[in-house]
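See structure below.
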Amino acid sequence: MKKTSTSSPISRRTMLRSSGALAATSAVLAACSSTKPSIARIGESPTTVKLEDLAVTDVVLLRTAMSMETMAAAMLSDSAVTALASKDTAPVIAAFAADHTSHLEDLQVLISARNGEAYSGTNAQLMQAYGQTALDLVTSGKLAADTLALTLAVETLIAGTYQYFVSLAVQPALRADLVRLGARSSRRAAVTAQLINAGTGGFAPANDKDGSPLVATLPGAFGSLSAVQVRLGPVNDIGTRATVLMDTPSLNSLIY
Amino acid sequence: MDTHQVESPDMSMTTRRRLIASLLAGGAVVAAAPLFAGHASAAEADAPPPRDAADNEGLNVCLERESRMVTTYRNALTGLTGNDLTAMSLILDHHVAYAQALKGYLAVEVGKPSSAPLASPSGSLASIARQLAALEDQTASIHTDTLATINGLDAATLLASIVTVEARHAAALLLIAGASPIAAVGN
């Protein structure tokens, strides 16, 4: 008597056969693989270099903070600013620039405590993105008022940077240190805003008689992380001025 | 004689062999998963938690401070007019917003914050501003010290956004009190 069973499509024999075929195929494919680019090219072509894995550590944040402080000091002491600042505001702006330089020592201590390496350069990425543009506009505008506008923007940017870094820092103690440094820039921003629009009338956001926004010492209840906007440079043919947007550092402008 | 045994369509599709094969496949996937997710796991291990119940005590201290600042500013508004009143009312509104934000964060964990005034600022605008600037500095210090002790990222970012503006309050009030720009910065 012959029995034919069709109850299951998977038998032990079928499984062994399938597994063997799969292993053999894998071996063949592995042997065919190459480190060279798979797309056919004529002549020499560069090999693909895999990007290294970079982590945003507390040391990276501190190194980036150093680059931002260096950039702020460089911008505020640039000849474009010092040549145009009035005799009343020039010493204040110079003192602010010196403050940023002094913060580098605080940051170096924090980096050394974490076995990191200090960074002495400016943030080249952001200097290229908007720093140099802002200085060029101040130079071409030849307006003394632009020096204070730029100072306010830079101090607001640095304060925003430290505030943003709190959300990235791992150690609670470091978050407090970052906020302390950011608060100093906040104070400088408030003082600069008062130099532009003095008195209690300059505290709240308001517009002038033409409807243009005036500089406010206290623009919001909570610290803002949005891009800092500043109008600089000469008035163009249609009666407006260039607006520079200054963003806090992001993944492509951190100093790893 | 040939006998054909045909499987009935409504017969269960789960056999012991399939079950074992499925378990083996599932086990292999589970075993291999960490190999693919190694970096993500390492990164997440260091990430601070968004909230931590241990932070509530410190945040309640911050809330009480803000509640007392609100009362202090309400008292300081008496007698002010025009731009001076508008300016101080703006700062009062900020402190109201801070207290509300902290209450909202703490929710059912809110304690019973005192709202007793911290001082009774009086006299000229300069005199009032000087007293309030000192209180702003103290408040920012309390929040910053708290920041050094809390683990939760949400509370840390909230406090950072508050301290950033309270530093502005202090400097602006010092200028109104007659301090020089360099002194108002705190140098």
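We name chains A, B, ... by the order of the sequence lines, and we start the count at 1 in each one.
- A heavy-atom distance below 4.5 Å is not found between the side chains of A/F203 and B/T86.
- Counting heavy-atom pairs closer than 4.5 Å to chain A, the top-ranked of the candidates B/A184, B/A87, B/S141, B/S161 is B/S161.
- A/R175 places a side-chain heavy atom less than 4.5 Å from the side chain of B/L153.
- Here the straight-line distance linking atom CG of B/L173 with atom CD of A/Q194 works out to 9.5 Å at 0.5 Å rounding.
- Residues A/R180 and B/V163 fail the side-chain proximity criterion, which asks for heavy atoms closer than 4.5 Å.
- Scanning both residues, A/V166 and B/A156, for their nearest heavy atoms gives CG1-O, 3.8 Å.
- A/T217 is not listed as a side-chain neighbour of B/H169, based on a closest heavy-atom distance of 4.5 Å or more.
- Atoms CG and CG, on A/L195 and B/L175 in that order, are 7.0 Å from each other to the nearest 0.5 Å.
- Options A/A95, A/G182, A/G201 differ in how many heavy-atom pairs under 4.5 Å they form with chain B, and the most are formed by A/G201.
- By the 4.5 Å heavy-atom criterion applied to side chains, A/T156 and B/R168 are counted as neighbours.
- For A/D99, the part sitting under 4.5 Å from any heavy atom of chain B is the side chain, from C-beta outward, and nothing else.
- Looking at A/L178, neither its backbone nor its side chain comes within 4.5 Å of chain B, counting heavy atoms on both sides.
- Among all heavy-atom pairs drawn from B/A167 and A/A183, the shortest one is CB-O, 3.5 Å.
- No donor-acceptor pair under 3.5 Å is formed between the side chain of A/Y162 and the backbone N or O of B/T164.
- Taking 4.5 Å as the limit, every side-chain heavy atom of B/I150 sits out of range of all side-chain heavy atoms of A/P172.
- A/V179 and B/A160 make their closest contact through CG2-CB, 3.8 Å (heavy atoms, listed as atom of the first residue, atom of the second, distance).
- Neither the backbone nor the side chain of B/L159 comes within contact range of chain A, judged by heavy atoms closer than 4.5 Å.
- Between B/V185 and A/F96, the closest side-chain pair of non-hydrogen atoms falls below 4.5 Å.
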Please assess B/V165 against A/Q163 for the test side chain to side chain contact (heavy atoms under 4.5 Å, CB included), listing each intermediate value before the final yes or no.
CA-CA 11 Å; B/V165 178; A/Q163 185 189 327; over 6 Å; no
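- Neither the backbone nor the side chain of B/D52 has a heavy atom closer than 4.5 Å to any heavy atom of chain A.
- For B/A101, the part lying near chain A is the side chain, with the backbone staying farther off; criterion is any non-hydrogen pair under 4.5 Å.
- Among B/T157, B/D145, B/T146, B/T144, the residue with the largest count of heavy-atom pairs under 4.5 Å with chain A is B/T144.
- For A/A198, no part lies near chain B; criterion is any non-hydrogen pair under 4.5 Å.
- Smallest separation of non-hydrogen atoms from B/P181 and A/V92: CB-CG2, 4.1 Å.
- Contacts of A/A216 with chain B are made by backbone atoms alone, with heavy-atom separations under 4.5 Å and no side-chain atom involved.
- The minimum heavy-atom distance between B/A171 and A/V191, with the atom names listed, is CB-CG2, 4.2 Å.
- Taking 4.5 Å as the limit, some side-chain heavy atom of A/F222 sits within range of a side-chain heavy atom of B/L158.
- Residue B/L85 does not touch chain A at all, counting heavy-atom pairs closer than 4.5 Å.
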